[in-house]
Enquirer: 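Pasting a structure below so you can have a look.
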Amino acid sequence: GNGLVDDTPAFKAAIADAMAYATSTSTLGVSIYVPSGRYLITSMLNLTASSSISVKVSGDGYSTNLLWGGSSDFLYVSPSCSNGFELRDIRITTWYTNKTVNAFAVRVLSGFKVTISNVKIV
């Protein structure tokens, strides 16, 4: 990610592939790793699983910077990820497009284990 090109399709494809893998192999957990870079995201990323799995999204600390350029919630995690959700080692820049956004950076519906560590939301 260079912060200029929209990386949303690549992120959505990675999420879809991880969820499909977990479903097809009856895996209880998947990890999505995001290397250092500046990734422009322009529409909501939706983590919705068709089975009860755990999802971990991690980066390389604050050098993994997700630049939010959309107008709704950035990351939505549904209760179908009921074995847990973990977000770690990432920076989310919510003001990237200089818009006023009335939304959540991360919206996690209640009912399951959530771990957020070393995440900076600015």
Side-chain angles (χ1 to χ4, degrees):
N2 63 7
L4 302 174
V5 177
D6 188 357
D7 294 299
T8 306
F11 274 79
K12 288 186 176 190
I15 291 167
D17 288 349
M19 298 304 176
Y21 174 80
T23 301
S24 68
T25 62
S26 299
T27 301
L28 295 178
V30 294
S31 295
I32 299 170
Y33 169 72
V34 185
S36 294
R38 294 169 44 89
Y39 300 93
L40 177 60
I41 308 297
T42 59
S43 66
M44 182 173 60
L45 301 176
N46 190 347
L47 289 172
T48 302
S50 59
S51 60
S52 298
I53 63 170
S54 66
V55 178
K56 176 181 178 181
V57 179
S58 63
D60 284 328
Y62 300 148
S63 64
T64 299
N65 193 356
L66 306 181
L67 307 170
W68 179 226
S71 59
S72 65
D73 297 342
F74 169 70
L75 177 63
Y76 172 83
V77 183
S78 80
S80 61
C81 301
S82 59
N83 280 338
F85 171 72
E86 182 176 357
L87 181 65
R88 66 171 50 238
D89 303 323
I90 285 179
R91 175 185 173 117
I92 300 171
T93 304
T94 59
W95 49 265
Y96 182 67
T97 57
N98 295 319
K99 291 190 244 178
T100 301
V101 177
N102 185 19
F104 293 97
V106 179
R107 181 185 300 256
V108 181
L109 297 185
S110 64
F112 57 100
K113 179 183 171 188
V114 175
T115 303
I116 297 176
S117 60
N118 197 30
V119 173
K120 185 173 190 175
I121 301 173
V122 295

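Each residue takes its place number in the sequence, starting with 1.
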Enquirer: According to side-chain hydrogen bond (donor to acceptor under 3.5 Å, both in side chains), who are the partners of D89, at least two apart in sequence or on a separate chain?
Expert: N118
Enquirer: Report the distance from atom CD1 of I92 to atom OG1 of T64, rounding to the nearest 0.5 Å.
Expert: 11.0 Å
Enquirer: Return the minimal non-hydrogen interatomic distance between A22 and V30, and the atom names on each side.
Expert: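 Scanning both residues, the minimum pair turns out to be CB-CG1, 3.5 Å.
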Enquirer: Once rounded to the nearest 0.5 Å, what's the spacing between atom CG of L45 and atom CD1 of I32?
Expert: 9.0 Å
Enquirer: Find the distance between CZ (R38) and CG (N2) and round it off to the nearest 0.5 Å.
Expert: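 That separation rounds to 8.5 Å.
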Enquirer: Listed by chain and number, what are the side-chain hydrogen bond (donor to acceptor under 3.5 Å, both in side chains) partners of S24, not counting sequence neighbours?
Expert: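 Testing S24 for side-chain hydrogen bond (donor to acceptor under 3.5 Å, both in side chains), a comparison that skips the adjacent residues, returns none.
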Enquirer: Mind checking whether W68 and I116 sit in one hydrophobic cluster, side chains of I, L, V, M, F, W, Y counted as touching below 4.5 Å?
Expert: yes
Enquirer: Just one of T93, T42, D7, L4 clears the side-chain contact (heavy atoms from CB on, under 4.5 Å) bar with L67, so which one?
Expert: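 So, applying the side-chain contact (heavy atoms from CB on, under 4.5 Å) to L67 and each of T93, T42, D7, L4, only T93 qualifies.
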Enquirer: Under the ring-ring contact (aromatic ring centres under 6.0 Å, His included) rule, what pairs show up with a residue in residues 1-46, not counting sequence neighbours?
Expert: F11-Y39
Enquirer: When rounded to the nearest 0.5 angstrom, what is the spacing between CG in D60 and CG in N65?
Expert: 12.5 Å
Enquirer: Can you name the side-chain contact (heavy atoms from CB on, under 4.5 Å) partners of K56, sequence neighbours left out?
Expert: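 side-chain contact (heavy atoms from CB on, under 4.5 Å) list for K56, sorted by chain: S31, S58, E86, R88.
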Enquirer: Applying side-chain contact (heavy atoms from CB on, under 4.5 Å), name anything that partners S43, two or more places apart in sequence or on another chain.
Expert: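 S43: side-chain contact (heavy atoms from CB on, under 4.5 Å) contacts with T8, K12.
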Enquirer: Please name the pair of heavy atoms, one in D6 and one in I41, separated by the smallest distance, quoted to 0.1 Å.
Expert: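 So the minimum-distance heavy-atom pair works out to OD1-CA, 4.3 Å.
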